[in-house]
**Student:** 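Sending over a structure as structure tokens; questions will come in a sec.
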Amino acid sequence: MKKREKIALALGLILALIPGSLSSCGKKAAYLSDSFFALDTVITVSLDAEVGESETIFAGLRSEVSAYDTIFSAFLPESELARFNAGSGSFAASEELRNLISAARRGAEETGGAFDPTLFQVKRLWAAAEEKGSLPDEAELASALALRGWEKLGFSPDGGIFKGDGQMIDPGGVAKGWITERLLKTLEAADGIRYAVVSVGGNVGVFGEKPDGQPFEVAIRDPADPARVLGTVRVPGGSIVSVSGNYERYYEIGGQRYGHILDPGTGMPADSGLLSTVVICSDGARADVLSTALFVLGAEKGMELWREAEIPFEAIFISDGTASVTPGLEDRVELTGAYRLASAG
Ligand code: AMP
Ligand code: MG
């Protein structure tokens, strides 16, 4: 299977929506859906089935996503981010790119650097290692790692952004959550949409209120067996649910799997004992950043972050056989069997 297809298949499996399955009075939410491939992932938009002009809304969202792709793609050589990455000094950035870089920097600061958007060269070494079938060279890894440092990201008053010499920025752990929130805002600005769900490769945003007045139910994949669901979490409209885990993307080298989430301290795949992390927050970039950071930090340090967070979020730490939840989720998570619910507090 081609890598692109492998990723598409895997990401399509991370989170699924269970439309209206909590409904008690028969007024179930019904959806019209549109799925497409962009941002190197599968995107699905599910709209209130009674909305008029759904084709126009779908087309509008597709073109919005494609506009973000031409700004943020790290792989399209003509994207704005690729041009920023290739250059040095102050870069006259669009408002969107400035906004994303600012969310990434803030995320790094808030997570003490567990989330670090300046690891792109390290990521590229892992991708090259997969291509050549042998582990990254230690000296190369050390020099790629020496380039990292989110503190070097900066902003000038005239709208410019800058980074450290030779640094390259990876949008991978933040852009999809940021875009998910923007798509919810677009739905909010459109007329007459009562409820909708957007899924952007591991980030699910829910909008509005369902006709039965019940919360949305988002299914969480079992990281140990991604064809199965380990449970569901109930969330109100306006939430973004981000999932990070190594079962979705990894580098396969010499028959071994190496996770795509990297420990910024070592440049090696993060190994905190977790299989996946789920974060729920009304700020999409933050949800995305935090799910990646908690995966790096592990449950104990992750809970320290939760206690100190200025902007509230909820999280699920999934390890072998256990789903540990933050206090706000204790009565909002339902598990299907193979996992035991525990309190992360
Ligand atoms: P996510 O799927 O949101 O957890 O993001 C993972 C992606 O973010 C990876 O595929 C990399 O592109 C990038 N990444 C990996 N490790 C880190 C890290 N520690 N901090 C920031 N971005 C990372
Ligand atoms: Mg993330």
Side-chain angles (χ1 to χ4, degrees), residues 3 6-7 10-11 13-15 39-42 72-75 81 85 100-101 103-127 130 141 144-145 147-151 153 167-181 199-205 221 223 226 240-251 257-272 274-281 283-298 301-302 305 313 315-318:
K3 185 148 187 208
K6 189 171 82 183
I7 291 169
L11 288 174
L13 291 173
I14 299 170
L15 287 168
L39 309 164
D40 205 25
T41 194
V42 177
F72 300 141
S73 171
F75 301 104
L81 180 63
N85 277 344
L100 185 84
I101 299 294
R105 193 190 193 284
R106 183 195 63 198
E109 196 167 5
E110 286 177 357
T111 60
F115 175 88
D116 190 330
T118 62
L119 288 170
F120 196 53
Q121 276 98 330
V122 180
K123 174 182 168 142
R124 294 213 308 184
L125 282 183
W126 279 101
E130 184 176 49
L141 201 58
L145 207 53
L147 290 166
R148 94 186 153 86
W150 57 268
E151 302 91 337
L153 292 174
Q167 273 190 340
M168 292 175 98
I169 308 308
D170 182 1
V174 58
K176 294 187 196 89
W178 185 89
I179 290 169
T180 305
E181 187 187 331
S199 163
V200 184
N203 300 267
V204 170
R221 289 283 153 198
I240 287 128
V241 183
S242 291
V243 179
S244 289
N246 279 334
Y247 62 98
E248 51 179 66
R249 286 183 201 234
Y250 45 81
Y251 305 105
R257 285 183 181 187
Y258 295 86
H260 70 128
I261 301 177
L262 303 169
D263 181 333
T266 61
M268 299 298 288
D271 187 16
S272 64
L274 295 174
L275 297 176
S276 64
T277 47
V278 180
V279 168
I280 299 153
C281 187
D283 178 320
R286 200 172 245 117
D288 199 354
V289 158
L290 285 169
S291 66
T292 310
L294 297 185
F295 190 88
V296 171
L297 290 169
K301 289 192 186 135
L305 202 70
F313 69 90
I316 311 176
F317 302 91
I318 297 158

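Residues: numbered from 1 along the sequence shown. Every number for a ligand or one of its atoms is a count from 1 in the order of the listing.
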**Student:** Note the single closest protein heavy atom to atom 2 (O) of ligand 1, along with its residue, its atom name and the distance in Å.
**Tutor:** Glu248 OE2, 3.3 Å

**Student:** Any idea which heavy atoms bring Gly149 and Thr118 closest together, and the distance?
**Tutor:** N-OG1, 2.8 Å

**Student:** Considering non-hydrogen atoms of the protein only, which is the closest contact for atom 3 (O) of ligand 1, and what is the distance?
**Tutor:** Asp288 OD1, 2.8 Å

**Student:** Any idea which protein heavy atom is nearest atom 15 (C) of ligand 1, and the distance to it?
**Tutor:** His260 O, 3.3 Å

**Student:** Determine whether the side chain, the backbone, both or neither of Asp170 has a heavy atom under 4.0 Å from any heavy atom of ligand 1.
**Tutor:** side chain

**Student:** Which ligand 1 atoms does Leu119 reach within 4.0 Å, using its non-hydrogen atoms?
**Tutor:** 18 (C), 19 (N)

**Student:** Quick check on contacts: which atoms of ligand 1 are under 4.0 angstrom from a heavy atom of Pro264?
**Tutor:** 19 (N)

**Student:** For Lys123, which part has a heavy atom under 4.0 Å from ligand 1: side chain, backbone, both, or neither?
**Tutor:** side chain

**Student:** So if I count the atoms of ligand 1 from 1 in the order they appear, which ones are less than 4.0 Å from some heavy atom of Asp116?
**Tutor:** 18 (C), 20 (N), 21 (C), 22 (N)

**Student:** Can you give me the O-the Mg ion (ligand 2)-O angle for Asp288 and Gly173, to 10°?
**Tutor:** 90°

**Student:** Which protein heavy atom lies closest to atom 4 (O) of ligand 1, and at what distance to 0.1 Å?
**Tutor:** Ser244 OG, 2.5 Å

**Student:** Among all protein non-hydrogen atoms, which one is nearest to atom 8 (O) of ligand 1, and what is the separation to 0.1 Å?
**Tutor:** Gly173 N, 3.2 Å

**Student:** May I ask you to test the Ser291-Val243 pair for a side-chain heavy-atom distance under 4.5 Å?
**Tutor:** no

**Student:** For Leu141 and Thr266, which heavy atoms make the closest approach, and how far apart are they?
**Tutor:** CD2-O, 4.3 Å

**Student:** Please tell me if the side chains of Leu275 and Tyr247 come closer than 4.5 Å, counting only heavy atoms from C-beta onward.
**Tutor:** no

**Student:** Can you list the residues that meet the ring pair (Phe, Tyr, Trp, His ring centres under 6.0 Å) rule with Tyr258, with sequence neighbours excluded?
**Tutor:** Trp126

**Student:** Which residue and atom name correspond to the protein heavy atom nearest atom 23 (C) of ligand 1, and how close is it?
**Tutor:** Thr292 CG2, 4.2 Å

**Student:** Do Thr277 and Ile316 have side chains that get closer than 4.5 Å, going by heavy atoms?
**Tutor:** no

**Student:** Which atoms form the tightest heavy-atom contact between Leu39 and Lys176, and what is the distance?
**Tutor:** O-CE, 3.6 Å

**Student:** Search all heavy atoms of Ser272 against all heavy atoms of Phe295 and return the closest pair with its distance.
**Tutor:** OG-O, 2.7 Å

**Student:** Using the side-chain contact (heavy atoms from CB on, under 4.5 Å) definition, which of the options Val289, Leu100, Ile240 pairs with Trp178?
**Tutor:** Leu100

**Student:** Taking the side chain as every heavy atom from C-beta outward, state whether Asp288 and Asn203 have any atom pair closer than 4.5 Å.
**Tutor:** yes

**Student:** Check whether any N, O or S atom of Thr292 sits under 2.8 Å from the Mg ion (ligand 2).
**Tutor:** yes

**Student:** Indicate, as side chain, backbone, both or neither, the part of Ala270 found under 4.0 angstrom from ligand 1 when only non-hydrogen atoms are considered.
**Tutor:** neither

**Student:** Can you tell me if Val174 has an N, O or S atom under 2.8 Å away from the Mg ion (ligand 2)?
**Tutor:** no

**Student:** Decide yes or no for His260 and Asn246: does some side-chain heavy atom of the first lie under 4.5 Å from some side-chain heavy atom of the second?
**Tutor:** yes

**Student:** For atom 16 (N) of ligand 1, find the nearest protein heavy atom and state the residue, atom name and distance (0.1 Å precision).
**Tutor:** Leu262 N, 2.9 Å

**Student:** For ligand 1, which atoms have a heavy atom of Ala114 less than 4.0 angstrom away?
**Tutor:** 18 (C), 19 (N), 20 (N)

